[in-house]
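Shown next, in structure tokens, is the structure this report addresses.
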Amino acid sequence: MIGKTLDEKITVSPQIQPHDVAALKEAGVELIINNRPDGEEVGQPTSDEIAAVAAEHGIDYLHIPVVRGPSHADVEKMGDALAAHAGKQIHAYCRSGTRSTLTWAIAQAEAGCDREHIEQCVRGAGYDPAPIQHLL
């Protein structure tokens with residue numbers, strides 16, 4: 001599997017490449033969420049490139065670009081995506097996986113999930129919840 005597991009239904013990773021989409025499909029991923037703005041780094045695949053390959057593999061795709069830290073709108077969009085795809089395998093990515101993880105964590109908190117559980121999931125995947133603890 002590409003990335004790190006946050007819970008039984010979501011994984012996160014740094015930037016994926018078009019050729020990674022087949023492995024995500026094979027792992028059962030039904031939705032890819034791109035939390036990276038286009039043009040953030042030279043040579044990064046565009047949202048449209050990943051979306052096209054996802055479509056070829058029958059995977060839903062959402063672009064929720066998070067600039068710096070997650071805004072309320074970013075968290076709301078992430079929460080809506082998680083709710084709309086409840087019970088399905090989801091993979092989110094950004095430059096390092098951090099923005100995807102923290103946006104997921106805040107969305108989980110806003111959905112009423114237990115703070116300790118969220119922090120445990122974030123730490124278990126190798127990320128630090130400290131920057132958003134006040135929001136959990």
Side-chain angles (χ1 to χ4, degrees):
M1 172 46 103
I2 295 171
K4 298 176 181 183
T5 301
L6 290 176
D7 70 16
E8 65 280 352
K9 293 295 177 187
I10 187 160
T11 55
V12 294
S13 73
Q15 175 71 56
I16 64 170
Q17 298 298 318
H19 66 267
D20 294 323
V21 175
L24 291 170
K25 176 67 175 182
E26 192 172 302
V29 169
E30 296 177 72
L31 170 65
I32 295 172
I33 301 174
N34 175 3
N35 294 126
R36 193 165 192 202
D38 278 342
E40 188 175 53
E41 188 172 64
V42 174
Q44 112 192 30
T46 66
S47 177
D48 288 345
E49 288 176 282
I50 300 294
V53 177
E56 289 171 11
H57 285 84
I59 301 174
D60 292 338
Y61 176 87
L62 287 173
H63 189 209
I64 306 171
V66 176
V67 180
R68 296 191 183 126
S71 70
H72 180 72
D74 299 331
V75 171
E76 189 173 294
K77 288 175 188 173
M78 178 70 89
D80 290 348
L82 296 171
H85 291 80
K88 296 181 178 178
Q89 288 298 132
I90 299 170
H91 183 79
Y93 72 91
C94 57
R95 186 186 61 76
S96 68
T98 301
R99 282 175 284 182
S100 294
T101 298
L102 299 183
T103 306
W104 169 86
I106 299 167
Q108 292 295 96
E110 289 190 2
C113 293
D114 178 68
R115 176 189 179 129
E116 278 187 39
H117 175 73
I118 294 167
E119 289 178 353
Q120 186 176 46
C121 291
V122 170
R123 283 191 190 99
Y127 297 96
D128 181 6
I132 59 159
Q133 281 182 325
H134 64 288
L135 299 171
L136 301 180

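Between Gln44 and Pro37, the shortest heavy-atom contact is NE2-O, 2.9 Å. Taking every heavy atom of both residues into account, Gln108 and Leu82 meet most closely at OE1-CD1, 3.5 Å. When all heavy atoms of Pro70 and Ile106 are compared, the pair lying nearest together is CG-CD1, 3.8 Å.
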Quiz item: Between Tyr93 and Asn35, does a side-chain hydrogen bond (donor to acceptor under 3.5 Å, both in side chains) hold up when you go through it step by step?
Solution: CA-CA 6 Å; Tyr93 72 91; Asn35 294 126; over 6 Å; no

Quiz item: Hey, mind stepping through Ile90 and Trp104 against side-chain contact (heavy atoms from CB on, under 4.5 Å) and telling me if it holds?
Solution: CA-CA 11 Å; Ile90 299 170; Trp104 169 86; over 6 Å; no

Quiz item: When you look at Ile64 and Thr103, which way does the side-chain contact (heavy atoms from CB on, under 4.5 Å) test go after all the steps?
Solution: CA-CA 10 Å; Ile64 306 171; Thr103 306; 5.8 Å; no

Self-check item: side-chain contact (heavy atoms from CB on, under 4.5 Å) evaluation trace for Lys77 with Leu62
Solution: CA-CA 9 Å; Lys77 288 175 188 173; Leu62 287 173; over 6 Å; no

Practice problem: For the pair Tyr61 and Val53, evaluate side-chain contact (heavy atoms from CB on, under 4.5 Å) and give the outcome as yes or no after the intermediate values. | Solution: CA-CA 10 Å; Tyr61 176 87; Val53 177; over 6 Å; no

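Side chain of Lys9 to main chain of Gly87: a donor-acceptor pair is present (N/O by atom type, distance under 3.5 Å, no hydrogens or angles).
Placement of Ile132 and Ile10 within a single hydrophobic cluster is found when ILVMFWY residues are connected by side-chain heavy-atom separations under 4.5 Å, directly or transitively. Leu6 and Ile2 fall into different hydrophobic clusters, where Ile, Leu, Val, Met, Phe, Trp and Tyr residues are linked whenever their side-chain heavy atoms come under 4.5 Å apart, directly or through other members. A continuous path of ILVMFWY side-chain contacts below 4.5 Å connects Tyr127 to Val75, so both sit in one hydrophobic cluster. Leu102 and Val66 fall into different hydrophobic clusters, where Ile, Leu, Val, Met, Phe, Trp and Tyr residues are linked whenever their side-chain heavy atoms come under 4.5 Å apart, directly or through other members. In the hydrophobic clustering of this structure, Ile33 does not group with Val21; members are Ile, Leu, Val, Met, Phe, Trp, Tyr whose side-chain heavy atoms approach within less than 4.5 Å, directly or through other members.
More than 12 heavy-atom neighbours from other residues, nucleotides or ligands sit within 6.0 angstrom of CD on Glu40.
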Using distance only, find each side-chain donor-acceptor pair of residues 23-32 under 3.5 Å and give its atom names and separation, not counting sequence neighbours.
unit_1: Lys25; atom_1: NZ; unit_2: His57; atom_2: O; d: 3.2

